Amino acid sequence: MQLRRALGLLPLALLLLAWELAVQAKVYPPVLLPAPGKVLLVFVEDWQTVLDNAAASVARVIVGIGLSFAVAVPLGLMIGRYRWLDLLTDWSIQIFRSVPPISLIPLAILFLGIGDKPSIALIFLSGLWPLLINTIFGVRGIERTLIKVARAARAGELLVMKDIILPASLPAIFTGLRLAVGAGWLTVVTAEMIAVKSGLGYMILNAQLTFRSDLIIAGIIVIGAIGLVADQLVRRIRAHVCRWQEGLTAAQE
Amino acid sequence: MNRFIECVGVGKIYPGKTENVEALRGIDLVCDAGEFVCLLGRSGCGKSTLLQMMAGLERPTSGQIAVAGRELDGPSPDAAVVFQDHGLFPWMTVQKNVEFNMKARGAKAAERAKVARHFLDMTSLTGFADRYPHELSGGMRQRVGIARALTTEPKALLMDEPFGALDAQTRGRLQDELLQIWEKQRTTVLFVTHSIDEALLLADRILVFSPRPGRIAADIRVDLPRPRASQSAGFSALARELRGLVGADRDID
């Protein structure tokens with residue numbers, strides 16, 4: 001674990017070093033490339049701004065991905081289970097998932113105005129497809145014998161869904177959730193640059209207009225850090241919920 | 001003796017791309033209540049297919065199957081299946097796995113726990129209730145499968161090469177245990193195997209299958225007293241006869 005941390009942090013430390021060296025060597029004027037120390041100062045002096053905007057972004061992603069989860073998981077379980085639903089939806093899913101959510105920003109603004117609604121709608125869409133596709137994939141991967149066991153026991157459809165299809169699909173659903181959270185986080189920052197007047201995306205765009213490159217870099221660091229934390233969080237939850245999988249699959253790392 | 005399972009003119013044809021495959025043809029068989037019947041044959045002779053059809057998991061292409069006097073239309077409430085690859089749900093503890101068939105019938109949690117405990121004791125699994133299947137040995141997993149099948153007090157146990165994947169020692173132990181359970185519960189047992197010795201150790205009657213298309217080539221009564229020893233003269237004589245009927249080669253031990 002210690003080795004993992006040390007190795008994980010090494011590239012970041014090298015990047016920091018390169019940054020500091022570039023500042024020392026005056027590759028760019030300080031107004032464009034502030035020293036690491038100056039950026040650190042942002043977290044002391046402007047912490048309220050950073051925190052408020054980060055909270056706004058995180059809240060949007062939670063709501064948006066929460067909605068995608070609530071829609072995609074039940075829908076995916078059913079599409080995976082019922083062949084006719086698969087035939088009905090397959091082409092549509094393949095078409096709509098190829099559309100980058102960002103390209104829908106203009107439409108979202110036209111229909112939903114400026115504010116939380118268009119950005120949440122876009123996050124919802126960016127999380128929907130990975131979750132849906134992975135859930136379907138999870139249902140398809142169920143061992144056939146297990147379905148036979150349920151049929152032989154004359155289990156009702158609801159019990160089959162709840163006790164067999166859902167738990168069997170959970171590992172795949174969590175893979176989908178990781179991708180969805182990543183996609184949602186990318187989308188929120190972009191959406192905030194255009195469609196909203198708060199959040200980290202808005203903050204860094206605004207910082208550009210006021211020549212606060214320290215605030216821009218601080219914002220980028222926060223975006224990356226939250227992305228890492230969110231990913232680790234989903235991983236932990238997955239490891240806990242799917243602990244029955246231990247020993248069944250090859251070690252993940 | 002009353003007829004418990006009855007097959008009349010049962011055939012099964014699997015449609016193929018170029019030509020249809022006839023797995024079974026003209027199977028007539030009557031199995032009395034309480035009988036221990038082994039279906040013996042090489043792999044690919046249709047014996048497992050017949051068991052799956054008697055379990056209501058597959059439909060015959062022709063002919064009829066009746067269980068407990070009712071023509072089969074899907075899995076019968078009077079029969080329980082033990083699967084070759086044990087068919088345990090990896091996300092459920094041993095306890096939950098054993099409770100599943102009862103849960104499918106809507107039994108209350110307290111009742112399920114009580115009955116599960118009884119059959120866990122009977123299958124020497126006391127103390128393993130909270131383990132997950134991957135923490136158990138192959139023999140123990142199959143015991144869980146048997147315990148699960150017994151919980152609904154079925155009149156017939158349909159066993160599809162249940163000990164096929166086990167080492168010889170474990171196999172022998174489970175065969176003994178199965179006979180003890182059978183003597184206690186007096187269920188009808190249909191047991192698919194490709195092992196002549198296993199069939200002779202267990203069965204009252206052995207149905208020998210021949211392949212392409214699968215048919216019953218011989219119906220042999222085994223009157224040897226139990227417990228049976230493979231060294232006894234009667235045993236060896238029958239084994240020789242069966243070897244001739246099966247057309248034994250290295251496939252059959």
Side-chain angles (χ1 to χ4, degrees), chain A residues 73-74 76-77 80-83 134-135 137-177 234-252, chain B residues 48 51-59 67 72-94 96-107 130-136 141 144-145 148-152 154 156-162 165:
Chain A
V73 172
L77 292 177
R81 174 100 175 117
Y82 305 115
R83 178 96 185 112
N134 276 282
T135 305
F137 179 74
V139 179
R140 298 263 168 77
I142 296 180
E143 226 186 293
R144 283 180 59 183
T145 308
L146 299 183
I147 298 293
K148 279 190 179 178
V149 170
R151 280 182 55 213
R154 295 152 54 90
E157 193 57 27
L158 195 68
L159 183 67
V160 173
M161 271 290 179
K162 191 169 67 70
D163 276 25
I164 299 174
I165 309 260
L166 175 64
S169 312
L170 272 181
I173 290 174
F174 271 97
T175 303
L177 185 61
V234 177
R235 238 193 230 220
R236 292 262 169 96
I237 299 173
R238 179 199 158 121
H240 180 73
V241 174
C242 304
R243 61 191 179 284
W244 53 269
Q245 259 201 325
E246 286 162 34
L248 285 180
T249 50
Q252 293 223 311
Chain B
S48 280
L51 195 88
Q52 300 275 324
M53 291 197 291
M54 292 194 284
L57 293 171
E58 286 197 43
R59 275 174 197 287
V67 173
L72 219 51
D73 177 31
S76 157
D78 295 312
V81 188
V82 177
F83 293 86
Q84 177 172 21
D85 39 3
H86 58 74
L88 300 183
F89 303 112
W91 52 87
M92 292 186 197
T93 59
V94 166
K96 295 287 172 207
N97 265 292
V98 172
E99 288 184 14
F100 183 80
N101 287 11
M102 291 185 277
K103 197 173 179 186
R105 297 190 172 200
D130 296 325
R131 301 291 185 87
Y132 285 95
H134 76 260
E135 300 174 295
L136 306 181
R141 283 180 210 164
V144 179
R148 175 173 65 190
L150 291 171
T151 53
T152 53
L157 273 184
L158 307 175
M159 309 184 79
D160 189 4
E161 299 208 40

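Residue numbering restarts at 1 for every chain, and letters A, B, ... go by the order of the sequence lines. Treat the numbers as computed from the prediction; the structure is a model and nothing was measured.
- Within the structure, the side-chain hydrogen bond (donor to acceptor under 3.5 Å, both in side chains) test picks out the following pairs touching residues 156-172 of chain A (sequence neighbours left out): A/Arg81-A/Glu157, A/Tyr82-A/Glu157, A/Asp163-B/Lys103.
- Summarising the geometry, atom CZ belonging to B/Arg105 is positioned 13.0 Å from atom CG belonging to A/Leu159; distances are rounded to the nearest 0.5 Å.
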List the atom pairs, with distances to 0.1 Å, where a side-chain N or O of residues 81-89 of chain B and a protein N or O form a donor-acceptor pair under 3.5 Å, not counting sequence neighbours.
residue: B/Asp85; atom: OD2; partner: A/Thr145; partner atom: OG1; Å: 3.3
residue: B/His86; atom: ND1; partner: B/Leu88; partner atom: N; Å: 3.3

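- Note on A/Ala152, A/Gly156, A/Ala155: by heavy-atom pairs under 4.5 Å with chain B, the leading option is A/Ala152.
- Interface residue A/Ile164: backbone and side-chain heavy atoms are both found under 4.5 Å from chain B.
- A pairwise comparison of heavy atoms in A/Trp244 and B/Pro90 identifies CB-O, 3.3 Å as the closest pair.
- Chosen from A/Ala168, A/Cys242, A/Ala150, the residue pairing most often with chain B at heavy-atom distances under 4.5 Å is A/Ala168.
- The contact list for residues 72-80 of chain B toward chain A, using heavy atoms and a distance under 4.5 Å, reads B/Pro75, B/Ser76, B/Pro77 by residue number.
- Across all their heavy atoms, B/Asn101 and A/Ala153 have their closest contact at OD1-CB, 3.3 Å.
- For chain A, no part of B/Met102 is nearby; none of its heavy atoms comes within less than 4.5 Å.
- Sequence neighbours left out, the pairs with a member in residues 137-156 of chain A that pass salt bridge (Lys or Arg N to Asp or Glu O under 4.0 Å) are A/Asp86-A/Arg140.
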